[in-house]
2 protein chains.
Amino acid sequence: MELRLLTYVVTIAEEGSVSGAARRLHLTQPTLSRQLRELERQVGGALFDRTGRGLTPTPAGEALVRRARVVLAEARAALDEARLAGQGLSGRFTVTFAGSGINGPLGAALGRLRRELPRVDLRLRESFNDAEMSQAVLDDHCDLAVQRLPLRDARLATRLWWREPMTLFLPEGHPLAHGAEPAPLSALGQIPLVLWPREVSPRSHDEIIALCHHAGVVPRIGAEGHSVQTLLALVAAGFGGAVLADSHRALRRVGVTPRPLAGTSTGLYLVWRAGDTGPLLQRVRTVLTELGQG
Amino acid sequence: MELRLLTYVVTIAEEGSVSGAARRLHLTQPTLSRQLRELERQVGGALFDRTGRGLTPTPAGEALVRRARVVLAEARAALDEARLAGQGLSGRFTVTFAGSGINGPLGAALGRLRRELPRVDLRLRESFNDAEMSQAVLDDHCDLAVQRLPLRDARLATRLWWREPMTLFLPEGHPLAHGAEPAPLSALGQIPLVLWPREVSPRSHDEIIALCHHAGVVPRIGAEGHSVQTLLALVAAGFGGAVLADSHRALRRVGVTPRPLAGTSTGLYLVWRAGDTGPLLQRVRTVLTELGQG
DNA sequence: TCCATGCCATACCTCCCAGGCATGGCGAGT
DNA sequence: ACTCGCCATGCCTGGGAGGTATGGCATGGA
């Protein structure tokens, strides 16, 4: 059975006559007549009653026409979707991203992706663990990771997407909070730190401790929190200062004053499978690159 | 685009190779290779990556294969349904029936229909008005009516399906309730009657009044009720006796004793459009006829 | 390293069938 | 009775689906 026969039977039903349908299909009436017979042979019964003038569908004909319309629409849609998928405009795409980046330009970038690729089933997975994100890409659970420090692996391609200073988020009114210019690293010794628990985000934790050692100060832990909103709440409550990517200032938490740390920087990297040449990945990278800054 | 190409692409994806698919399809590898190219030309992009050994689908290929499976299944289903519809085993069928018949064999018959024609979308509409039921058939709102007295109309075909006596339903302990043999018609003069309101079921109301006149007695109205269950409740409460088709004794209402009326009978008729030669109607009539009794 | 093996692509051929043309039968309206 | 429009049938043709032969290429083992 072929779609051709289905379009014929649908047209015949719509026109109510073989010759009318033949005109619409740019065929001759005998051809169509014969094709209709062939379909009726396959179905094993009449699809139309020949009533002298024109044809009226039998119950079998009506059932077939009703379903044929669906099949034809589905077939068209299948081709269309394949075309779109070939251009990276359709399909499924899973992004895993660092939760610590979502308050910065990453949030806007993901929104832009959704708007520019409306027919793409875009799935997002937040994570706090860099190794886990890279691994998810390697394991084909995700197509792209946007994360801090990617795993070093020949099977992974990476590109720096965003760079910004680390910023010390201070309790409002704290002596360090005065002055708009960046604070020296030594400031880390003048206030207890509010950190992620190491088991939640080891890289972030270790990086901040390393910063302290680099500045020659011994870190004091004021409190630990499992989310950015908790960290900032603890800062506002006076437990200490939190070191986060500068873009978190977008939160404007009441009772918290941000002050960049001189000489620091943190980055967000795009990470994908080196072998992945899918058009969807290309397009996603293009959109993201437009919004990023090395 | 033809279904043939879709089956090819699905098979190729399943086999992971053109030659494997060719074996399964009883084709040669070059033919299949060329057909795949043709489909890729129509889609406007590659559907598979040629990786030396075998093929792996591109995103476009995966999307197409996923949808092609649906299309193929739908197409098969369309043909199947048309075949079934041609044999009267599929489609939609609407029956309107006299509510006064549902406690008799009609209930069982409708259940049998549902079981024997499981793929038919069987719709039921109860009614109490004979003219309305016949009219619904004429107007093509229903395909079959099972009713008391059909409209006389050349466009309608009718057949007596069931015949049974009218039965007087009496309050338990009433003098007339003694004796198993049919009661004479004159019994209608010895007890007030519990009737349908004339506006609800004019035929039924008039028929009972006519019975009384025929017996030479003047009917007394004890009460009126809008449903069989109300009528019987009123009988049990002692308001009088109700005249109903004998099969209502299946209700075994507490406090009510049935006693047939000698010399009476009432029938249920099948009514359909004389011009309706649909296989579904044929089959429904066949099933019903097996269970009926003239 | 070289051959064997199995895969896909291309070139060429054949034959089937979709589609065209001519014609005949038939019902409906004038 | 005539005509018009419709469907069915017979016959013919051309394009394309499918087959055969062959070559290129990657993989894997001696």
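Letters go in sequence order (proteins before strands), and every chain restarts at 1.
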Would you say R155(B) has more than 12 foreign heavy atoms packed within less than 6.0 Å of its CZ?
no
Go nucleotide by nucleotide along DNA chain C from the 5' end; which of S17(B) and R34(B) gets its closest nucleotide reached first?
S17(B)
Ranking R37(B) and T31(A) by the position along DNA chain C of their nearest nucleotide, the one closer to 5' is R37(B)
Do you know which two heavy atoms are closest between [X] and [Y], and how far apart they sit?
X	Y	result
A46(B)	A60(B)	O-CB, 3.9 Å
A13(B)	V65(B)	CB-CG2, 3.7 Å
A21(A)	T11(A)	CB-CG2, 3.7 Å
D121(B)	R123(B)	OD2-NH2, 2.9 Å

Rounded interatomic separation in angstrom, taking [atom1] from [X] and [atom2] from [N]:
X	N	atom1	atom2	result
Q35(A)	dG20(C)	CD	P	10 Å
R41(B)	dT10(C)	CZ	P	15 Å
E38(A)	dG19(C)	CD	P	12 Å
L55(B)	dA26(D)	CG	P	14 Å
R23(B)	dG6(C)	CZ	P	10 Å
D49(A)	dC7(D)	CG	P	13 Å

Heavy-atom donor-acceptor pair, Q29(B) side-chain to dA9(C) base, under 3.5 Å:
yes
Can you tell me if S33(A) touches the phosphate of dA8(D), counting only side-chain N or O atoms and a distance under 4.0 Å to OP1 or OP2?
yes
With a 4.0 Å cutoff (strictly under), does any side-chain N or O of R50(A) reach OP1 or OP2 of dA8(D)?
yes
Just call it for [X]: base, sugar-phosphate, or nothing, with non-hydrogen atoms closer than 4.0 Å on any strand.
X	result
F48(B)	nothing
S19(A)	sugar-phosphate
L32(B)	nothing

Nearest to side-chain heavy atoms of L27(A), which nucleotide of dG19(C), dA11(C), dG18(D)
dG19(C)
